[in-house]
Number of protein chains: 2
Amino acid sequence: MNLPIGELSRLTGVKVPTIRFYEQIGLIDQPPRTEGNQRRYGTDEVRRLNFIRHARELGFEVDDIRELLDMSGKPQASCHQADSIARNHLAEIDRRIASLTVLRGELSRMVDECHHGRICDCRIIEVLADHSQCVADHVH
Amino acid sequence: MNLPIGELSRLTGVKVPTIRFYEQIGLIDQPPRTEGNQRRYGTDEVRRLNFIRHARELGFEVDDIRELLDMSGKPQASCHQADSIARNHLAEIDRRIASLTVLRGELSRMVDECHHGRICDCRIIEVLADHSQCVADHVH
DNA sequence: TCTAGGACCTCTAGCCACTAGAGGATCAAG
DNA sequence: CTTGATCCTCTAGTGGCTAGAGGTCCTAGA
């Protein structure tokens, strides 16, 4: 216990400036300070910060994490809301994967059709300059 | 020709403030102005802005677009560089899809395991609070 | 007890690609 | 000539940090 910020950082894998940032936006509480004004943390903060890191790694936004943290502090409440946050996030990830996959298709077609000649014959530049052409080709 | 910015916006699908922003960062040239200081555009800007929009839709970054625009103005040059920009971008998209897919797997497992009870029994909260547990379960 | 240097502090600014809004000027149709 | 839609500049905000300046504190070794 009584960890300085660097130690907390090492234990949780969250960078020192990021911890201070999380404090600033109210994601973690202001910890007690030494007489010389340095932050000192306990094991609660380690848990909380780990929770935050896991959630960030799973792509949750800070506002979602705020709610999830609130919930984790009310063990008797229904987990309906947590479920709904997670499901929405999952749907969002699905949307992103879908749109990146469409993108990937177009890009890869573009790259495949480039015959490494001059700019004036280059499909990459051509497609960018006239996207409708590209779409038309594709439909055909 | 001699289009006001709103008209250019309608023709290209790029919002008015975004056009001004592109001018500010030097992606498009400063156009001539009326006596009353309003921007007037010609067909060149329509083409250029369409190019930019297509490239943005394909997820290219502004710096890449800058280079691609430069190239499209040098039709006799080799398209090697354009090809390389596009290939790098494709690789980046692949990386993003891969990491989102891993994420999707974890999230969907979490959501599936939630039995809609109380927070204290909720897998979603549990996984976030102790990620190692989750990974261990998965490996097992 | 002193000192060195690593860790800490606050504050500001920057990243990307825009978006929003205030407060005012201009343009074109009727 | 009036009206109201469009235009202008400027500043600030978005998200989630990251970087750097300029300074203070803590602690281990001499």
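Look at CG on B/L49: it is 11 Å from P on C/dC18, rounded to the nearest Å. To the nearest angstrom, P of D/dC7 lies 8 Å from CD of B/E7. To the nearest angstrom, P of D/dC7 lies 7 Å from CD of B/Q38. Nucleotide C/dA7 holds its C1' atom 14 Å from the OH atom of A/Y41, rounded to whole Å. Rounded to a whole Å, the CZ atom of B/R53 is 16 Å from the C1' atom of C/dC18. The CG atom of B/L3 sits 13 Å away from the P atom of C/dA28 (whole-angstrom rounding). In this entry the distance linking CD1 of A/I19 with P of C/dC8 reads 9 Å, nearest Å. In this entry the distance linking CG of A/N2 with C1' of D/dT27 reads 15 Å, nearest Å.
Listed in residue order, the members of residues 21-35 of chain A having a heavy atom less than 4.0 Å from DNA chain D are A/F21, A/Y22, A/T34.
A close approach under 4.0 Å does occur between a side-chain nitrogen or oxygen of A/T18 and OP1 or OP2 of D/dT18. Within the 4.0 Å cut-off from OP1 or OP2 of D/dT18, at least one side-chain nitrogen or oxygen of A/K15 is found.
Under a 3.5 Å cut-off, the side chain of A/R53 and the backbone N or O of A/T12 do form a donor-acceptor pair. Counting only distance, with no hydrogens or angles, the side chain of A/S9 and the backbone of A/I5 share no donor-acceptor pair below 3.5 Å. Side-chain atoms of A/S78 never come within 3.5 Å of backbone atoms of B/R118 as a donor-acceptor pair (strictly under, hydrogens ignored). With A/H89 contributing its side chain and A/L58 its backbone, the two residues share a donor-acceptor pair below 3.5 Å.
In this structure, A/R39 reaches the sugar-phosphate backbone alone: every heavy-atom distance under 4.0 Å involves primed, P, OP1 or OP2 atoms, never a base. The residue B/R20 sits close to a base: some heavy atom pair falls under 4.0 Å.
For the pair B/R48 and B/S72, the minimum side-chain heavy-atom distance is 4.5 Å or more. You'll find the side chain of B/F21 stays beyond 4.5 Å of the side chain of B/V14, heavy atoms only.
A/D83 has a carboxylate O that lies under 4.0 Å from a charged side-chain N of A/R87, or vice versa, which qualifies the two as a salt bridge. Ion pairing between B/R20 and B/E23 fails under the 4.0 Å rule for side-chain N and carboxylate O. Salt-bridge check for A/R109 with A/D112: failed, with every basic side-chain N at 4.0 Å or more from each acidic carboxylate O.
Checking A/G6 against B/N37, the closest nucleotide of DNA chain C that is more toward the 5' end is the one next to A/G6.
Annotation: the terminal axes of the helix from C/dT1-D/dA30 to C/dG30-D/dC1 meet at 10°, where each axis is the rotation carrying the C1' atoms of four end pairs onto the next four (5 pairs per end, rounded to 10°).
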